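As the structure is a computational prediction, the values presented were derived from the model and not from experiment. The analysis underlying the following values was restricted to heavy atoms, covering all of them including side chains, and did not include hydrogens, waters or symmetry mates.
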Amino acid sequence: MIRNFSIEKNVPLGPLTTLGVGGEADHFLSATSEEAILFGFDFARENNLDVFVLGGGSNVLISDEGFRGLVIKVDLLGRAFDRLDENTFNLICAAGESWDDVVEEAIRRDLQGIECLSGIPGSVGGTPVQNVGAYGQEVSETIHSVRCLDRSTGKIVDLSNGQCGFSYRKSIFNTTAKEKFVVLSVNFRLNIAGKPKIVYADLQKHFDERIPTLRETRDAVLAIRAAKSMVIDLNDPNSRSAGSFFKNPIVTLEFLNQLDVELRKSGRLKFEEVVPSFRIDDSHAKIAAAWLIERAGFHKGFRKGNAGISANHSLALINCGNAGAAEIVALKEEIQESVNREFGISLEPEPIFVGF
Ligand code: EPU
């Protein structure tokens with residue numbers, strides 16, 4: 001028998017997001033059990049309401065009009081670390097757990113695999129959706145499987161790593177099976193006393209070729225992120241963001257070469273400069289979107305009304321005060337148009353837009 005769970009009305013969504021922008025949800029359920037999630041979907045079906053599933057709120061932009069349906073906030077808690085064999089720990093973690101608390105516990109237990117993902121805001125359930133990655137590591141490297149509710153059948157399924165279809169900032173959860181699944185828990189496999197992954201230039205520079213401990217790696221990532229206002233801090237107005245607002249665009253090497261030639265020809269790239277990019281395979285590279293944004297005329301600290309660009313990282317759009325979602329969107333569009341005009345590249349937003 002399914003119990004009755006309390007559905008709240010007219011709940012402001014802005015405070016539940018790191019950007020702090022947007023209107024109210026007509027109906028809202030904080031779901032602390034899988035049963036509550038099922039109840040929420042039943043309630044929505046009976047009342048003919050759309051459902052939006054909210055996690056940690058660190059990668060969403062809520063519209064000023066809010067959301068006319070039911071918002072189910074996944075507040076499932078619980079984590080279990082269990083030794084699997086000589087080298088491996090199994091970690092099962094409920095979707096509503098704070099991601100960074102989980103990373104901290106893994107480091108405390110000397111478990112390797114997610115150390116570079118320190119300081120990332122949001123909850124565990126969001127990590128497989130956009131295949132969270134930073135400083136050369138992605139969650140797809142340690143995710144064993146993801147336990148989900150299939151919204152179309154009401155059944156609970158376990159998806160293996162392969163079934164999740166991970167790539168840069170992508171999985172089936174935000175592409176082919178968008179809104180089909182609700183992540184309930186994630187099963188990670190972590191390495192006992194493994195060496196930290198130091199492949200990102202910022203980290204290599206920090207440690208100057210020395211191999212650090214997992215704890216030192218976490219501390220370095222936290223310091224690097226904080227210096228870029230990429231760690232949520234109430235005392236740092238530049239951290240009132242959804243992290244990177246755009247993905248780093250993936251282009252062919254041919255396009256990159258041509259861009260390089262054109263920029264030099266028109267004097268927009270000096271002899272000693274290069275377009276900052278990172279090779280991802282034999283024929284593609286990711287270009288630093290932050291650089292494109294700056295070169296398209298938006299300096300760090302740029303402001304347009306109450307929306308702005310972080311003074312410490314030009315890829316983060318920030319709420320400078322009482323910004324409305326419309327102001328954030330206007331700035332986003334201005335940036336996209338300028339980058340497109342200047343470089344012929346379409347910047348794709350990273351956050352999820354809700355209620356637009
Ligand atoms: N850059 C600038 N201006 C800036 C910042 C960066 O021109 O203000 C250029 C520089 O050339 C720099 C390059 O961009 O070398 C890369 O910068 P950074 O190392 O800060 O990384 P990013 O590509 O801007 C990505 C992720 C971040 C992640 C970092 C570290 C995306 C969209 N973003 O940013 O993830 O923390 O790498 O790995 O892939 C997020 O997704 O929300 C996020 C914060």
Side-chain angles (χ1 to χ4, degrees), residues 18 55-56 58-59 77-128 130-144 146 161 166 168-169 185-236 238-239 241 243-244 278 310 312-313 315-316:
T18 53
S58 58
N59 202 42
L77 295 180
R79 46 183 126 128
F81 285 81
D82 287 300
R83 196 182 185 120
L84 198 64
D85 58 38
E86 212 181 306
N87 303 313
T88 327
F89 249 73
N90 198 45
L91 161 60
I92 296 178
C93 196
E97 287 279 325
S98 147
W99 170 254
D100 196 52
D101 289 354
V102 172
V103 178
E104 168 56 33
E105 182 167 352
I107 302 293
R108 209 159 52 227
R109 290 170 175 267
D110 207 19
L111 298 173
Q112 189 273 339
I114 51 178
E115 62 282 356
C116 297
L117 305 177
S118 292
I120 293 179
S123 55
V124 168
T127 62
Q130 60 150 339
N131 185 19
V132 159
Y135 301 98
Q137 208 164 48
E138 291 183 340
V139 280
S140 56
E141 294 165 36
T142 42
I143 287 180
H144 176 71
V146 181
N161 179 300
F166 292 121
Y168 169 64
R169 291 295 189 271
S185 69
V186 185
N187 184 179
F188 298 89
R189 294 279 160 89
L190 303 173
N191 307 312
I192 296 170
K195 294 267 173 292
K197 189 172 186 192
I198 309 292
V199 294
Y200 205 77
D202 281 4
L203 278 179
Q204 285 171 339
K205 202 163 77 196
H206 189 93
F207 290 112
D208 197 17
E209 307 302 314
R210 179 172 74 84
I211 297 177
T213 63
L214 292 172
R215 171 65 63 191
E216 285 171 326
T217 306
R218 171 169 166 80
D219 289 346
V221 169
L222 287 174
I224 294 168
R225 290 188 70 96
K228 298 180 182 190
S229 294
M230 288 290 187
V231 177
I232 301 294
D233 175 354
L234 292 178
N235 295 316
D236 178 0
N238 286 297
S239 74
S241 75
S244 302
F278 178 79
S310 160
N312 297 317
H313 201 299
L315 200 45

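- The shortest heavy-atom contact between Val199 and Gly136 is CG2-CA, 3.8 Å.
- Nearest heavy atoms, Ile114 versus Val103: O-CG1, 3.6 Å.
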Item to check | Step-by-step side chain to side chain contact (heavy atoms under 4.5 Å, CB included) determination, Asp101 to Arg79 | outcome: CA-CA 11 Å; Asp101 289 354; Arg79 46 183 126 128; 3.5 Å; yes
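- Here CG of Asn87 is found 5.5 Å from CG of Asp85. Values are rounded to the nearest 0.5 Å.
- Here the shortest heavy-atom pairing between Leu203 and Ala220 reads CD2-CB, 4.1 Å.
- Here the CD atom belonging to Glu115 is positioned 12.5 Å from the CD atom belonging to Glu216, to the nearest 0.5 angstrom.
- Among all heavy-atom pairs drawn from Pro196 and Ile211, the shortest one is CD-CG2, 4.5 Å.
- Asp110 contributes atom CG, which lies 10.5 Å from atom CZ of Phe89 (distance to the nearest 0.5 angstrom).
- The structure places OG of Ser310 at 11.0 Å from NZ of Lys228, a figure rounded to the nearest 0.5 Å.
- Other residues, nucleotides and ligands contribute only 12 or fewer heavy atoms inside 6.0 Å of the CZ atom of Phe278.
- Taking the six-membered ring where tryptophan is involved, the planes of Trp99 and Phe188 are tilted, since the angle between them lies from 30° to 60°.
- What you find for Ile192 and Glu86 is that their closest heavy atoms are CD1-O, 3.4 Å.
- The shortest heavy-atom contact between Lys197 and Gln137 is CB-NE2, 3.8 Å.
- Judged by distance alone, with hydrogens and angles left aside, the side-chain atoms of Asn131 form a donor-acceptor pair with the main-chain N or O of Ser140 at under 3.5 Å.
- At least one donor-acceptor pair under 3.5 Å links the side chain of Glu141 to the backbone N or O of Glu138.
- The backbone N or O of Leu117 sits nowhere less than 3.5 Å from a side-chain atom of Arg225 that would complete a donor-acceptor pair.
- The pair Arg218-Asp100 meets the salt-bridge criterion, since a charged nitrogen lies less than 4.0 angstrom from a carboxylate oxygen.
- Taking OH of Tyr135 as the reference point, atom NE2 of His206 lies at 11.5 Å (rounded to 0.5 Å).
- Looking at Arg189 and Asn90, their side chains do bring a donor and an acceptor atom within 3.5 Å of each other.
- Checking Ser229 against Asp236 by side-chain atom types alone, a donor-acceptor pair falls below 3.5 Å.
- Under a 3.5 Å cut-off, the side chain of Gln204 and the backbone N or O of Asp202 do not form any donor-acceptor pair.
- Side-chain atoms of Ser123 come within 3.5 Å of backbone atoms of Gly56 as a donor-acceptor pair (strictly under, hydrogens ignored).
- With salt bridges taken as basic N to acidic carboxylate O contacts below 4.0 Å, none links Arg109 and Glu104.
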